[in-house]
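Input: a single structure, listed below in structure tokens.
Residue numbers begin at 1 in each chain, while the letters A, B, ... track the order of the sequences. Basis for what follows: all heavy atoms, side chains included, without hydrogens, waters or symmetry-related copies.
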Amino acid sequence: MRIGELARRTGISERALRYYEEQGLLRPARRPSGYRDYDEGAVDTVRDIRTLLAAGLPTALIAELLPCMVNGTAGLAPGCPELVPYLEKERDRISAAIDDLARTRSLLNAIIAATPPENPNPPVCDREPAVELATR
DNA sequence: CTTCTAACA
DNA sequence: TGTTAGGA
């Protein structure tokens, strides 16, 4: 399929798809016309790329990881276990990030729970709202 | 009409 | 990343 179809099927802009190729994340074949030619697997690969990027993994690591997670099997393909240490490091970083967010959520929950609705005597705050608050 | 590369009021 | 120019 050409880039337009892949973009539609993944919801990722053509611009981003070309950028991923530039970063070594995708290696589409080329047609005589020069148009990129993606195989069906590209759809899933793009999903993995988005997931990994969203989690904060560096593109360089993702580029090495993708070819190591071939078929739908579990574990890295043979000849790839050297990546495990890096993956463990990313996993630990993500765990720490999750913990930080959980603390933030707890703090907000405490504030929300301790704030009575329709506060008749609001705390002092003379500043104007920075943004229009939705009234719904 | 679709895609390509290169570049940025 | 978006967008656009200038081509194929």
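Side-chain atoms of A:Asp39 come within 3.5 Å of backbone atoms of A:Ala42 as a donor-acceptor pair (strictly under, hydrogens ignored).
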Heteroatom pairs (N/O) under 3.5 angstrom, protein to nucleotides 2-4 of chain B:
residue	atom	partner	partner atom	Å
B:dT2	O2	A:Tyr35	OH	2.5
B:dT3	OP1	A:Gly4	N	2.8
B:dT3	OP2	A:Glu14	OE2	3.3
B:dC4	OP1	A:Arg36	N	2.9
B:dC4	OP1	A:Arg36	NE	2.9
B:dC4	OP2	A:Arg18	NE	3.1
B:dC4	OP2	A:Arg18	NH2	2.8

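With a 3.5 Å ceiling on both atom-pair distances, C:dT1 lacks any Watson-Crick or G-U wobble partner. With a 3.5 Å ceiling on both atom-pair distances, the Watson-Crick or G-U wobble partner of C:dA8 is B:dT2.
Taking the side chain as every heavy atom from C-beta outward, A:Arg105 and A:Asn109 approach each other to under 4.5 Å. Side chains of A:Arg18 and A:Leu26 form no contact here, defined as non-hydrogen atoms less than 4.5 Å apart. Counting heavy atoms from C-beta on, the side chains of A:Ile3 and A:Tyr35 never come closer than 4.5 Å. A:Tyr20 is listed as a side-chain neighbour of A:Ile12, based on a closest heavy-atom distance under 4.5 Å.
Here chain A contacts DNA chain C (any atom closer than 4.0 Å to a heavy atom, that is under 4.0 Å), and the contacts span C:dT1 to C:dA8 from 5' to 3'.
DNA chain B is contacted by no residue of residues 39-62 of chain A, taking any non-hydrogen atom closer than 4.0 Å.
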Would you list the atom pairs, donor with acceptor, under 3.5 Å between side chains in residues 74-92 of chain A and any protein atom, with sequence neighbours excluded?
residue	atom	partner	partner atom	Å
A:Glu82	OE2	A:Cys80	N	3.2
A:Glu90	OE1	A:Arg93	NE	3.0
A:Glu90	OE1	A:Arg93	NH2	2.6

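Sorted by first and then second residue, the salt bridge (Lys or Arg N to Asp or Glu O under 4.0 Å) pairs involving residues 21-35 of chain A (not counting sequence neighbours) are A:Glu21-A:Arg30, A:Glu21-A:Arg36, A:Arg31-A:Asp37.
By the side chain to side chain donor-acceptor pair (under 3.5 Å) test, A:Arg8 is found to be paired with no residue, residues two or more places apart in sequence or in another chain being considered.
Considering all non-hydrogen atoms of both residues, A:Leu65 and A:Leu52 come closest at CD2-CD2, 4.1 Å.
Interatomic distance, A:Leu61 CG to A:Leu57 CG, rounded to the nearest 0.5 Å: 5.0 Å.
Regarding A:Arg15, its CZ atom lies at a distance of 11 Å from the C1' atom of B:dT5, rounded to whole Å.
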